[in-house]
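Input: a single structure, listed below in structure tokens.
Positions are given from 1 along the sequence. Read the numbers this way: they start at 1 and go in the same order the structure lists the ligands and their atoms.
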Amino acid sequence: MVKHAVEANFDGLVGPTHNYAGLSWGNVASKSNVRAESNPKEAALQGLAKMKRLADRGYVQGILPPHERPHIPTLRALGFEGADSQILEQAAKSSPSILAAVSSASTMWTANAATVSPSADTADHRVHFTPANLSAKFHRSIEHRVTGRALKAIFADEGYFAHHPALPSVSQFGDEGAANHTRLCGGYGEPGVELFVYGQVAFNDQAPAPKKYPARQTLEASQAIARLHGLDDQHTVFAQQNPNAIDAGVFHNDVIAVGNGNTLFYHDMAFLEEERVLADIRSRLTGAELEAVRVSSEEVPIEDAVASYLFNSQLLKTPDGMMLAVPGECREVASVSRYLDTLVQSGGPITSVEVFDVKQSMRNGGGPACLRLRVVLSDEELKAMHRGVLLTDDLYERLTAWVKAHYRDRLSQADLADPMLLEEVRKALDELTGILGLGSIYDFQL
Ligand code: SUG
């Protein structure tokens, strides 16, 4: 029986150590803004404003909390010793790159937090979650344990929700979560097609692969997730990303394609085997015809797609079609702005475009779609989850006040060694778990 379901978006609340450390080789924005001064307060408020606008439009909007950073347990595991302040001092002196990595607020990009399969697709009819190991980048590889704890605290009822540990943390199983996973469907409660996009085949040296930048997701990882989630062949399509796109700065599929419902909005350089991928989706999709909105390289050159993050927009169902929630940068790149003007008049499934300012995150390569993890939930599942993380007017007010009270408005690389910053972060996060009713999820709370 088909149940009524909704798509909930869980945005990562930007953490108090948001900074620009140039940690992501292959992510053009991260490298170009290295060592620029950041504004964590503005970043968090921009994120909250996006969430509020969408919640006001009637979308179910949730929050995933930031992690404890700088992460002292990781520094201890790497041999730094003494009191927390001594550890920070030693790390800053001898290994500033390691200190920067364990200080990143990268958990804000929750599209990389996990892969989620809705109950309509899975063999045991539960919602399945696998936190991404993010093994391609050291600063992100330390996220999955706490992410797993947060997801378990929010989706606790084992009758409805199943949680898997992250895949083995090695390059052969490199997994970047929902950034490389899109679900196409008729209604949200109907069985859908889960499109897994990978950058490289790990156990085949002959398979096409990017030459310049790393492929962060492997076919083997995507297949493992599909097995763990109990997805059969009728509900899955595996597609290789075009290696030339990765080499042009498309480090995740969500930088070049976004899908929702029966609509797939993508660039002609997104997939290695475009025709095969579309045919596979079409042959599996039930309850609706696929609407493929293809943007050609003539309309939007790949460099402009990467610079503007056109495809890192959120595609959201509206009563009369689909809304594309684009980052402000899309109006600053001429080809993209022109394309958007024609898009809504084209008579296709995308009927409106709205602009969101998430500049602080964009400077690290994170657009509107990076900032959210989608979880399709039936009415019963929505009731069963921990609702303290769902954005209401009251929660928005409390979180805004919390950010204003605890966050700095400027942060440089030198500030990361400041023991006061660590204290501020822990105080703020302890208060946050109280506001969200999450119990203890951080190492410093256990
Ligand atoms: O993993 N940037 C993130 C951006 C993630 C975007 N997510 C999606 N496309 N879904 C990354 O590359 C940069 C941090 C720094 O350089 O300080 C960073 O981690």
For G259 and L184 the tightest heavy-atom approach is CA-CD2, 4.3 Å
Of all heavy-atom pairs linking L390 and G62, the shortest is CD2-CA, 3.9 Å
A student comparing N112, L373, N312 should find that the heavy atom closest to atom 7 (N) of ligand 1 comes from N112
Relative to the ring of F173, is the ring of F203 parallel (under 30°), tilted (30 to 60°) or perpendicular (over 60°)?
perpendicular
For ligand 1 and [X], I'd like to know whether there is a polar contact (N/O to N/O, distance under 3.5 Å).
X: A21; answer: yes
X: H139; answer: yes
X: C370; answer: no

Logged contact type for L23 with ligand 1, heavy-atom cut-off 4.0 Å, is both
So for A111 against ligand 1, with non-hydrogen atoms under 4.0 Å, the contacting part is side chain
- Message: Is the distance from the ring center of F311 to that of Y266 below 6.0 Å?
- Response: no
Point to revise | Presence of salt bridge, D254 and R372, under 4.0 angstrom | key: no
So the ring-ring contact (aromatic ring centres under 6.0 Å, His included) pairs with at least one residue in residues 27-71 (sequence neighbours excluded) are none
Tell me whether K137 reaches ligand 1 (any heavy atom closer than 4.0 angstrom to a ligand atom). no
- [ ] Please verify whether a non-hydrogen atom of N19 lies at under 4.0 Å from ligand 1.
- [x] yes
